[in-house]
Amino acid sequence: MAYEHTDIERKWREQWRKRGTYRVERDPARPKYYVLDMFPYPSGAGLHVGHPLGYIASDIVARHMRHRGFNVLHPMGYDSFGLPAEQYAIQTGQHPAKTTEENAARYRQQLDAIGFSFDWDREVRTSDPAFYKWTQWIFLQLFNSWYDPRADKARPIAELVARFERQGCQGQDADVLTGDTEEFIGPFTADEWKGFDERTRQMVLQHFRLAYLSDAWVNWCPALGTVLANDEVKDGVSERGGHPVERKRMPQWSLRITAYAQRLLDGLDGLDWSESIKEAQRNWIGRSEGATVRFPLGDDFIEVFTTRPDTLFGVSFLTLAPEHVLVPKFTTPDRRAEVEAYVATAKNRSERERQAEVDKVSGVFTGSYAKHPFTGADIPVWVGDYVLGGYGTGAVMAVPGGDQRDWRFAKHFGLPIIAVTEGADIDKEADERKDATICSEGFLKGLKVPQAITRAIEELERIGAGTGKVNFRLRDAAFGRQRYWGEPIPIYYKDDIPYPLPESALPLVLPEVDKFLPTESGEPPLARAKNWAYEGHPLETTTMPGWAGSSWYFLRYMDPHNAERFVAKEAIDHWGQVDLYIGGSEHATGHLLYFRFWTKFLHDLGLVPFDEPVKKLVNQGMVQGMSMMANVLASSRNGEEHYRLLALNNKVEGAFERNYPVDHVTFRDGRYWINEEGANRTRSISAFRDYYLDAPVIELKPVVEKMSKSKFNVVNPDDIIAKYGADTLRLYEMFLGPLEQSKPWDTHGIEGTFRFLRKFWNLFHAGAGPDQSVPSTHESAVASAKAGGGDPIHVSDDAATKAELKVLHATLKKVTEDIPKMSFNTCVSQFMIAVNELHTLKCNKRAVLEPLTIALSPFAPHIAEELWEKLGHREGIADAPWPTWEAEHLVEDSFSYPISFNGKTRLQLALPIGLSKDEVEAQVLADPEVLARLDGKAPKKVIVVPRRIVNIVV
RNA sequence: GCCCGGGUGGUGAAAUGGUAGACACGAGGGACUUAAAAUCCCUUGGCCCGCGAGGGCCGUGUGGGUUCAAGUCCCACCCCGGGCACCA
């Protein structure tokens with residue numbers, strides 16, 4: 001009978017659900033394995049064929065490990081808070097919860113159709129109060145913790161308070177872990193602490209809490225009533241709507257991830273992650289060693305960070321960032337107007353812009369002079385937007401002789417350029433070499449750069465003008481969003497001082513609001529809620545960002561229904577770290593860094609026994625779409641002829657004989673783009689051409705680009721499954737190429753994997769019925785399936801031949817070795833080879849087909865399960881032990897040696913396996929053809945690699 | 001500019017330093033069929049010689065090198081993709 005994938009797959013989807021095949025319980029008797037996919041956001045667009053790529057790979061590993069006797073955790077859920085649902089809500093008034101519910105249902109339907117072995121009983125959603133109760137709870141732990149530099153870990157804030165009461169804040173404690181914009185808090189004594197009022201105490205503690213409220217620079221858009229991310233701002237206006245955006249200091253919740261910078265950096269070394277992701281994280285954390293230097297100015301000072309204290313004698317001016325807090329103080333009255341004007345424009349430019357426009361030098365003199373700590377010379381203080389407020393101290397000591405940006409600034413404003421290194425041509429450019437010798441006058445003269453750095457730091461520390469310091473590029477993470485659809489932050493305000501909600505008040509459930517927009521006065525949407533208060537005190541109105549829930553969700557899967565704890569200790573102890581995490585590389589520095597940060601924090605509190613969430617990380621490549629571009633010759637109104645590009649997402653042949661939906665035509669990037677899917681109205685291509693282009697087609701060519709709805713090149717897995725089945729889809733996605741690589745999707749290639757499954761099926765059914773050569777109709781297949789799956793298969797219980805066993809074991813070996821290497825494409829190829837060979841051998845032996853079915857089941861679970869049942873098994877295939885390969889079946893009697901002359905293969909010679917090197921050489925040199933080629937000459941050298949090659953050098 | 005990937009047939013690709021192009025698509029030819037679909041068989045990197053059996057030369061982005069032997073290792077460069085960047 002024919003391979004009726006639709007019926008088989010429907011049958012097993014139901015059976016697996018009924019039987020609870022993929023439900024998983026903790027089993028201490030077995031070793032555990034945790035396979036996780038990156039948390040998806042259930043978007044309204046549904047899945048395209050690129051999305052399941054990683055899920056299929058992880059499913060294969062999960063199923064494989066289960067066959068190997070592991071207790072496998074393989075869950076799925078939704079990162080269901082997020083912007084798209086909120087935007088949709090703003091536009092339509094539909095509650096985001098409803099949109100989210102619908103989208104999740106659609107996702108589920110699509111995921112189910114692919115036959116994943118997810119344990120859906122463990123599904124979690126970040127927008128579910130039962131889940132975000134614990135996200136809020138972790139936030140409270142962060143709020144109630146500080147980072148103790150002595151222990152190098154987070155500790156309860158109560159310990160810090162006790163410490164202040166005992167000995168105040170001195171030394172190391174006073175070296176507070178400030179966020180990027182906090183003002184410096186000086187040391188204080190225990191008595192001073194006791195004398196502080198509540199407001200001051202809370203303010204001081206904000207400087208230590210790991211979740212803290214502080215004033216931070218944000219891109220504020222008054223028209224939208226919201227804060228925008230850097231990439232939502234272009235040319236000083238919002239990308240959406242073009243409203244003006246200003247840089248503004250606003251109270252913002254932040255997480256002190258900077259406290260973990262060094263540990264986040266160090267932890268990377270032990271991880272089995274791709275080097276590119278680890279590098280991206282290292283760059284993002286951006287550790288640099290150097291020194292802070294204080295330049296006195298009146299009763300105050302300017303502190304800078306530099307990696308080159310050896311160039312101190314080359315300092316000719318200081319530059320402050322426009323947003324630096326001391327700018328107003330150091331501006332002299334005669335300069336005030338000019339400085340204020342400059343600051344007003346400069347600080348409103350986004351950081352992106354300031355960084356992008358390298359050649360535009362701008363700045364202004366404040367009128368003040370600071371004292372050089374070594375020479376006592378007067379150093380003019382400037383303001384320049386090439387200095388960023390958020391990095392280092394927001395001020396630089398400018399060394400035009402040693403730093404190209406300082407050099408450009410000095411050239412532009414005619415400031416002195418002092419040579420700091422020997423051999424520098426400072427008229428042309430700064431000398432940034434790190435192997436130079438210092439030439440500037442002073443005690444560093446003649447030293448090499450590294451020695452000079454050490455010496456300069458010693459001197460700075462000796463005279464109390466500075467200290468050696470490690471600086472990080474990493475900044476604290478903004479944690480508040482002026483949005484509705486996120487976790488409410490469990491904070492209330494009493495006399496404007498933030499206090500945490502008690503644990504008993506969690507979850508703080510997202511309130512109903514009349515509109516999902518900011519209030520008229522610019523408050524976030526939550527300010528619209530009635531009675532948004534705790535015991536009469538107003539509640540925080542910002543919500544958490546998208547990455548909050550995803551920073552710890554992997555723990556919740558271990559114990560998803562626990563109402564008492566975020567996860568039970570026994571569950572964490574059993575499941576431990578994620579053994580394999582699969583997802584896109586776009587999360588390199590966002591999610592994956594926060595994920596590690598939260599895990600380390602929870603580890604510090606003794607809540608989890610490990611401090612890295614993921615042992616092995618694999619990034620799947622992108623599946624790209626294929627767009628067809630047509631070059632057409634078009635005439636414009638003024639009569640000029642020029643080429644236009646027209647894109648189609650279909651094959652070239654006959655493209656212009658079909659009808660195209662006009663509403664799927666867009667003009668973008670100077671091109672027309674058409675899509676032929678989903679038409680309401682259609683217009684023939686000739687009419688289309690007349691209407692739009694009036695032009696003949698000149699050329700058609702395919703273009704590979706991102707698969708996306710906006711490019712009309714999306715391929716929906718549902719369509720593929722309807723035609724070929726989920727097993728074919730799974731195999732084909734894996735067959736496309738290495739998992740990590742990006743590759744274009746071409747539906748045409750799928751025929752090969754479909755044919756393979758049919759051939760595999762036919763191995764069991766050849767000669768099984770009178771009509772085997774004639775495929776049965778769809779109706780008859782349904783009927784026989786209803787009869788109880790008792791369709792005849794035709795397998796023999798005879799012993800397998802040597803040749804058959806060789807095919808089987810070669811395949812088992814390849815697949816067993818390649819799955820752990822994530823090399824799934826080669827597995828599929830091997831299955832194809834096996835089936836082709838068994839077909840040639842006319843093999844229908846149970847002894848061969850049964851183990852092969854188990855090996856195939858992680859890749860194509862439906863067909864495997866169906867055949868498994870037909871082979872007479874009552875238990876499902878999921879727990880069938882993985883068949884092991886045996887080397888004895890792979891030994892050959894002879895090996896066909898490629899005989900090469902000077903490295904070029906010229907002939908083949910079959911020789912028995914057991915021969916020694918010398919015997920091989922003797923036999924080869926006795927061969928008539930070899931002799932003929934040697935033409936009487938003696939070979940210079942003969943290389944014999946047993947079972948590999950013979951190379952004759954002449 | 002810096003840091004990661006990657007360049008192999010018409011296409012997706014394979015290849016512990018050891019027969020480059022497995023496997024699959026597409027294409028061409030053939031069988032079966034009234035026909036189509038499905039299935040099966042053969043050919044398929046390029047060029048050249050030969051009626052044929054067969055044989056030769058070239059070939060893994062480019063140029064060098066190491067080696068008996070290089071897609072694979074080393075050096076220099078070019079191109080494509082991704083990330084980061086006035087980071088002091």
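In the text below, chain A, chain B and the rest are named by the order of the sequence lines, each starting its count at 1.
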Engineer: What nucleotide among B/A88, B/G18, B/A85 has an atom nearest to a side-chain atom of A/Val387?
Structural biologist: B/A88
Engineer: Can you list the residues that meet the ring pair (Phe, Tyr, Trp, His ring centres under 6.0 Å) rule with A/Tyr724, with sequence neighbours excluded?
Structural biologist: A/Phe754
Engineer: Please check the phosphate of B/A13 (OP1 and OP2 only) for any side-chain N or O of A/Gln741 closer than 4.0 Å.
Structural biologist: yes
Engineer: Give A/Lys759 one of three labels, base, sugar-phosphate or nothing, depending on what nucleic acid heavy atoms sit under 4.0 Å from its own.
Structural biologist: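 Sugar-phosphate, no base atom in range.
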Engineer: Could you tell me whether A/Lys278 contacts a base, only the sugar-phosphate backbone, or nothing, with contacts defined as non-hydrogen atoms closer than 4.0 Å?
Structural biologist: nothing
Engineer: If you compare every side-chain N and O of A/Arg933 against the phosphate oxygens of B/G55 (OP1, OP2), does one of them come in below 4.0 Å?
Structural biologist: no
Engineer: Go ahead and name the base partner of B/U33; Watson-Crick or wobble counts if both distances stay under 3.5 Å, otherwise write none.
Structural biologist: none
Engineer: From B/G83, B/C58, B/G18, pick the nucleotide closest to the side chain of A/Arg948?
Structural biologist: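 Comparing B/G83, B/C58, B/G18 against the side chain of A/Arg948, the answer is B/G18.
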Engineer: Among the nucleotides B/G83, B/C68, B/U19, which one has an atom lying closest to any side-chain atom of A/Asn283?
Structural biologist: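 Taking heavy atoms from C-beta onward, the closest nucleotide is B/G83.
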Engineer: Measure from the side-chain heavy atoms of A/Arg405 and tell me the nearest of B/C84, B/A88, B/G18.
Structural biologist: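 Nearest nucleotide to the side chain: B/A88.
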Engineer: Nearest of B/C40, B/C23, B/U19 to any side-chain atom of A/Met832?
Structural biologist: B/C23
Engineer: For the side chain of A/Ser288, counting heavy atoms from C-beta on, which of B/C84, B/A88, B/G18 is nearest?
Structural biologist: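 So the side chain of A/Ser288 is nearest to B/A88.
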Engineer: Specify the separation, in whole Å, of atom CD of A/Gln830 and atom P of B/A24.
Structural biologist: 11 Å
Engineer: Only counting residues at least two apart or in another chain, list the ones meeting side-chain hydrogen bond (donor to acceptor under 3.5 Å, both in side chains) with A/Thr905.
Structural biologist: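 Not a single residue meets the side-chain hydrogen bond (donor to acceptor under 3.5 Å, both in side chains) criterion with A/Thr905.
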Engineer: Could you let me know what B/A69 is paired to, Watson-Crick or G-U wobble, both distances under 3.5 Å, or none if it's on its own?
Structural biologist: none
Engineer: Which is true for A/Val953 with a 4.0 Å heavy-atom rule: it touches a base, it touches only sugar-phosphate, or it touches nothing?
Structural biologist: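 It contacts sugar-phosphate atoms only.
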Engineer: Check the side chains of A/Ser288 and A/Asn471 for a donor-acceptor pair under 3.5 angstrom, ignoring hydrogens and angles.
Structural biologist: no
Engineer: Could you check which of B/A14, B/A20, B/G5 has an atom nearest any side-chain atom of A/Thr905?
Structural biologist: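 Comparing B/A14, B/A20, B/G5 against the side chain of A/Thr905, the answer is B/A20.
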Engineer: Quick one: label A/Asn951 by what it contacts on the DNA or RNA (base, sugar-phosphate, nothing), any heavy atom closer than 4.0 Å.
Structural biologist: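 Base contact.
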Engineer: Could you classify B/G59 for me, syn or anti, using a glycosidic angle within 90° of 0 as syn?
Structural biologist: anti
Engineer: What is the distance from CD1 of A/Ile453 to C1' of B/A88, rounded to the nearest Å?
Structural biologist: 13 Å
Engineer: Looking just at side-chain N and O atoms, do A/Asn762 and A/Tyr3 make a donor-acceptor pair shorter than 3.5 Å?
Structural biologist: no
Engineer: Identify whether NZ of Lys or CZ of Arg in A/Lys278 sits under 6.0 Å from the centre of the six-membered ring of A/Trp273 and within 45° of that ring's axis.
Structural biologist: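 Verdict for A/Trp273: no cation-pi partner in A/Lys278.
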Engineer: Among the nucleotides B/G18, B/G83, B/A24, which one has an atom lying closest to any side-chain atom of A/Ile943?
Structural biologist: B/G18
Engineer: Round to a whole Å and report the spacing from CZ of A/Arg282 to P of B/C2.
Structural biologist: 19 Å
Engineer: Mark yes or no: A/Arg294 above the aromatic ring of A/Phe301, with NZ or CZ under 6.0 Å from the six-membered ring centre and no more than 45 degrees from the axis.
Structural biologist: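 The answer is yes, since A/Arg294 meets both limits relative to A/Phe301.
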Engineer: For the rings on A/Phe756 and A/Phe735, is their centre-to-centre separation under 6.0 Å?
Structural biologist: no
Engineer: In whole angstrom, what separates A/Glu279's CD from B/G6's C1'?
Structural biologist: 17 Å
Engineer: Without decimals, in angstroms, what is the distance between A/His765 NE2 and B/U39 C1'?
Structural biologist: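 The distance from NE2 of A/His765 to C1' of B/U39 comes to 17 Å, rounded to the nearest Å.
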Engineer: To the nearest Å, how far apart are A/Arg755 CZ and B/C40 C1'?
Structural biologist: 11 Å
Engineer: Assign A/Asn825 to base, sugar-phosphate, or nothing according to its heavy-atom contacts below 4.0 angstrom with the strands shown.
Structural biologist: sugar-phosphate
Engineer: Let me know the distance between CD of A/Glu733 and P of B/C23, rounded to the nearest Å.
Structural biologist: 23 Å
Engineer: So what does A/Asn836 touch, heavy atoms closer than 4.0 Å: a base, only the sugar-phosphate, or nothing?
Structural biologist: sugar-phosphate
Engineer: Tell me: NZ of A/Lys940 to P of B/C68, nearest whole Å?
Structural biologist: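 Whole-Å distance recorded here is 12 Å.
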Engineer: If you check every side-chain atom of A/Arg758, which of B/U39, B/A88, B/G56 has the closest atom?
Structural biologist: B/U39
Engineer: Expressed as a whole number of Å, how far does the C1' atom of B/U34 sit from that of B/C41?
Structural biologist: 23 Å
Engineer: In Watson-Crick or G-U wobble terms, both distances under 3.5 Å, what is the partner of B/G12?
Structural biologist: B/C23
Engineer: To the side chain of A/Phe305, which of B/A88, B/C23, B/A85 is closest?
Structural biologist: B/A88
Engineer: Please classify the nucleic acid contact of A/Arg287 as base, sugar-phosphate, or nothing, using heavy-atom distances under 4.0 Å.
Structural biologist: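 Nothing: the residue A/Arg287, judged by heavy atoms under 4.0 Å, touches no strand.
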